[in-house]
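All values below were derived from every heavy atom in this structure, side-chain atoms included, with hydrogens, water molecules and symmetry-related copies excluded.
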Amino acid sequence: MSKRRDRRGWQLNNSADQARDVYSRGNPRDHADHVRNNQNGHGPRTKSEPEVFYCPELSLVLPKKYHATPAQERAQVDGSLLEGGGQILRVSAALSCILAQPIHVTKIRACRPKPGLSAQHLSGLRLVAIACEGDLIGGMLRSTDIMLTPGCVRSGEFHVDTKGAGSVALLIQTILPCLLFGPDKSSLLLKGGTDADFAPPIDYFTQTFLHYAQLFGVRADVPHVRRGFNPRGGGEVKLNIEPLRILSPVKITERGEITQVIVTVYLCGSLPSSLGERCLHTAEQIIKRRFSATKVPVKARLCKNDEAFGNGWGLRISAETAGGCLLTSCGNGNPKISPERLASDTAERVIKDIDEGGCVDSYMQDQLIILMGLASGVPQVRSGPLPLHTKTAIHLLESLTTAQFTVTKDPNPAPGEQSYVIECRGIALENAYLTQSNSCPNNIA
């Protein structure tokens, strides 16, 4: 296979080595048959598939329904490029909804052990289809090919149940940008895994993502969380999202000194306190050794949480800075990993992010890319080296919009630092509902 590269020289092909970053390589599978969903985004659903539904009695006043016309060219998205996983679906589906841009995504998760849509991805796609009154083709488990034709972004109350431990945080990543450009406030009740494998825990969304998203003008809150863990799920999150007129340009380039580090271990269910105490003690000692010279205060706390479905536990380490930055690393408890090992791995990740000199941690980079691309002005974010997820998000924004990103290495880094400045000339997308007379946007941005 020839190596495809973008204008920066980034290799676009999802090679075996790239696929092994998180997963072992699998064989691509193709599904020729598609099932056309009804206008609510549903297709035939088995007991193992997720449930997504919209409550019409709680809906707000909606404008006249608009559908993308056949004259609008359907954007083609290769689901095997770069990161080659669910992130491509999340970003492309959100942009399709926001911009009224029909999309066709092929080779979905082609290099994963189980190619195609999992219940987690299917939940997100169906939710987006409902939120934009769209038509979803290929919305079934293990499908490697989907087409989404969006209509109008709608507001109201949405319920989603992944019927398992599908990540609630990843559902939020998919739908939040869409509802920012809706006509009114929306509320979501999301059921699944709040602390799932290969996904950010809900604490990362509430404590770290929202910290940065608010700088763009995002107004959202999470008034209710009931934790749910692998493999049963059972978690529940209530999320409220306010629409905005336009995303503000942000400049997150001055980190300042680390002012304090907060180490939090949470225990749920009937797990013994000794489990959390061992993890907390190990993480606290590693962080204190790293900052022994500067004597940065380290706060450690053990939280017992009875508002959970089943047993589970986890660790969150957050470093606060004088410049208002927040660098976070999280780890989920696992019977196969000792509390000491979990503490060590999680602490070393946040220390690495701190030492690289960025203003955001490595997990936050890619989550901010879509906000930067849609924002006005020229947002800037200083980060560490770009992981594959960040490169994938940038590639999708430049492919599906007119946003232009530049990535510049710091020419004068401090000793040991490897920082970069990600700069974007955003498309300055305005919420047509709030800038016009409650009309559905009918032009592609």
Using residues 369-376 as the side-chain source, report each donor-acceptor pair under 3.5 Å to any protein atom, sequence neighbours left out, with the distance given to one decimal.
{"unit_1": "Ser376", "atom_1": "OG", "unit_2": "Leu247", "atom_2": "O", "d": "3.2"}

Return a table of donor-acceptor pairs under 3.5 angstrom between the side chains of residues 164-179 and protein atoms on other chains or two or more places apart.
{"unit_1": "Ser167", "atom_1": "OG", "unit_2": "Ala169", "atom_2": "N", "d": "3.3"}
{"unit_1": "Ser167", "atom_1": "OG", "unit_2": "Leu170", "atom_2": "N", "d": "3.1"}
{"unit_1": "Thr174", "atom_1": "OG1", "unit_2": "Leu170", "atom_2": "O", "d": "2.9"}

Please report, to 0.1 Å, the donor-acceptor pairs under 3.5 Å made by any side chain of residues 192-201, with sequence neighbours excluded.
{"unit_1": "Thr194", "atom_1": "OG1", "unit_2": "Gly228", "atom_2": "N", "d": "3.0"}
{"unit_1": "Thr194", "atom_1": "OG1", "unit_2": "Gly228", "atom_2": "O", "d": "3.3"}
{"unit_1": "Asp195", "atom_1": "OD1", "unit_2": "Arg227", "atom_2": "NH1", "d": "3.1"}
{"unit_1": "Asp195", "atom_1": "OD2", "unit_2": "Arg227", "atom_2": "NH1", "d": "3.1"}
{"unit_1": "Asp195", "atom_1": "OD2", "unit_2": "Tyr266", "atom_2": "OH", "d": "2.3"}
{"unit_1": "Asp197", "atom_1": "OD1", "unit_2": "Asn230", "atom_2": "ND2", "d": "3.4"}
{"unit_1": "Asp197", "atom_1": "OD2", "unit_2": "Asn230", "atom_2": "ND2", "d": "3.0"}

Under 3.5 Å, sequence neighbours excluded: what are the donor-acceptor pairs made by side chains of residues 89-100?
{"unit_1": "Ser92", "atom_1": "OG", "unit_2": "Ile88", "atom_2": "O", "d": "2.5"}
{"unit_1": "Ser92", "atom_1": "OG", "unit_2": "Leu89", "atom_2": "O", "d": "3.4"}
{"unit_1": "Ser96", "atom_1": "OG", "unit_2": "Gln101", "atom_2": "O", "d": "2.6"}

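With hydrogens and angles left out, the side-chain atoms of Ser318 and Thr328 include a donor and acceptor closer than 3.5 Å. In summary, the side chains of Ser419 and Arg382 do present a donor paired with an acceptor at a separation below 3.5 Å, with no hydrogens or angles considered. One side chain, Thr149 or Arg74, offers a donor N or O that lies under 3.5 Å from an acceptor on the other.
Between the Asn431 side chain and the Gly182 main chain, a donor and an acceptor come within less than 3.5 Å of each other. For Glu307 (side chain) and His224 (main-chain N/O), no donor-acceptor pair under 3.5 Å exists by modelled atom type. Checked by atom type and distance alone, the side chain of Ser123 pairs as donor or acceptor with a backbone atom of Ala119 at under 3.5 Å. Formation of a donor-acceptor pair under 3.5 Å by the Arg142 side chain with backbone atoms of Lys114 is found in this model. A donor-acceptor pair under 3.5 Å is formed between the side chain of His211 and the backbone N or O of Gly324. Counting only distance, with no hydrogens or angles, the side chain of Tyr212 and the backbone of Cys325 share no donor-acceptor pair below 3.5 Å. The closest donor-acceptor contact from the side chain of Thr390 to the backbone of Leu386 lies at 3.5 Å or more, if one exists at all. For the pair Arg109 (side chain) and Ser80 (backbone), a donor-acceptor distance under 3.5 Å is absent.
We find that Asp345 and Arg349 are not joined by a salt bridge, their nearest charged nitrogen and carboxylate oxygen being 4.0 Å or further apart. Using a cut-off of 4.0 Å between Lys/Arg side-chain N and Asp/Glu carboxylate O, Arg112 and Glu83 are scored as salt-bridged. Using a cutoff of 4.0 Å between basic side-chain nitrogens and carboxylate oxygens, Glu348 and Lys352 are not scored as salt-bridged.
Nearest heavy-atom pair across Phe158 and Ser186 is CE1-OG, 4.0 Å. Here the closest non-hydrogen pair linking Lys391 and Leu82 is O-CD1, 3.8 Å. Nearest heavy atoms, Leu315 versus Ala283: CD2-CB, 4.3 Å. Asp353 and Asp361 get closest at one heavy-atom pair: OD2-CB, 3.3 Å. Minimum heavy-atom separation, Ile422 to Ser383: CD1-OG, 3.7 Å. The two residues Gly138 and Ile146 come nearest to each other via the heavy atoms O-CG2, 3.4 Å.
Annotation: side chain of Val381 is not in contact with side chain of Val421 (no heavy-atom distance under 4.5 Å). Under the 4.5 Å side-chain criterion, counting only non-hydrogen atoms from C-beta, Pro387 is not in contact with Asp366. Residues Leu136 and Arg126 are in side-chain contact: their nearest non-hydrogen atoms beyond the backbone lie under 4.5 Å apart. Side chains of His121 and Leu117 form a contact here, defined as non-hydrogen atoms less than 4.5 Å apart. Within the 4.5 Å cutoff, side-chain heavy atoms of Pro339 are placed close to those of Trp313.
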* Asked: Going through the checks in order, is the side-chain hydrogen bond (donor to acceptor under 3.5 Å, both in side chains) test met by Asn240 and Ser187?
  -> CA-CA 4 Å; Asn240 299 318; Ser187 296; 2.9 Å; yes
* **Audit row: Gln418, Glu356, side-chain hydrogen bond (donor to acceptor under 3.5 Å, both in side chains) steps and yes/no** => CA-CA 5 Å; Gln418 304 179 58; Glu356 287 172 346; 4.7 Å; no
* Please lay out, stage by stage, how Val77 and Leu396 fare under the test side chain to side chain contact (heavy atoms under 4.5 Å, CB included). => CA-CA 8 Å; Val77 179; Leu396 288 169; 4.0 Å; yes
* So Phe229 and Asn311, side chain to side chain contact (heavy atoms under 4.5 Å, CB included) or not? Walk me through it. -> CA-CA 7 Å; Phe229 305 91; Asn311 294 335; over 6 Å; no
* To do: Step by step, work out the side chain to side chain contact (heavy atoms under 4.5 Å, CB included) result for Tyr363 and Cys330.
  => CA-CA 10 Å; Tyr363 296 102; Cys330 301; over 6 Å; no
* For Ile241 and Leu188, what are the C-alpha separation, side-chain angles and deciding distance, and is it a side chain to side chain contact (heavy atoms under 4.5 Å, CB included)? -> CA-CA 8 Å; Ile241 301 172; Leu188 297 98; 3.8 Å; yes
* Give the C-alpha distance, both sets of side-chain angles, the deciding distance and a yes or no for side-chain hydrogen bond (donor to acceptor under 3.5 Å, both in side chains) between Gln87 and His389. => CA-CA 7 Å; Gln87 184 200 31; His389 277 77; 4.7 Å; no
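Taken to the nearest 0.5 Å, the CG atom of Leu239 stands 6.5 Å off from the CG atom of Leu190. Of the inter-residue distances, the one linking Leu400 atom CG with Gln76 atom CD reads 10.5 Å to the nearest 0.5 angstrom. Atom NE2 of His395 sits about 12.5 Å away from atom CZ of Phe405, to the nearest 0.5 Å.
Among residues two or more places apart in sequence or in another chain, the side chain to side chain contact (heavy atoms under 4.5 Å, CB included) test is passed with Ser248 by none.
Here salt bridge (Lys or Arg N to Asp or Glu O under 4.0 Å) pairs that include residues 425-434, with residues two or more places apart or in two chains, are Arg245-Glu430.
Put simply, the residue from Thr208, Asp203, Thr346 that forms a side chain to side chain donor-acceptor pair (under 3.5 Å) with Arg316 is Asp203.
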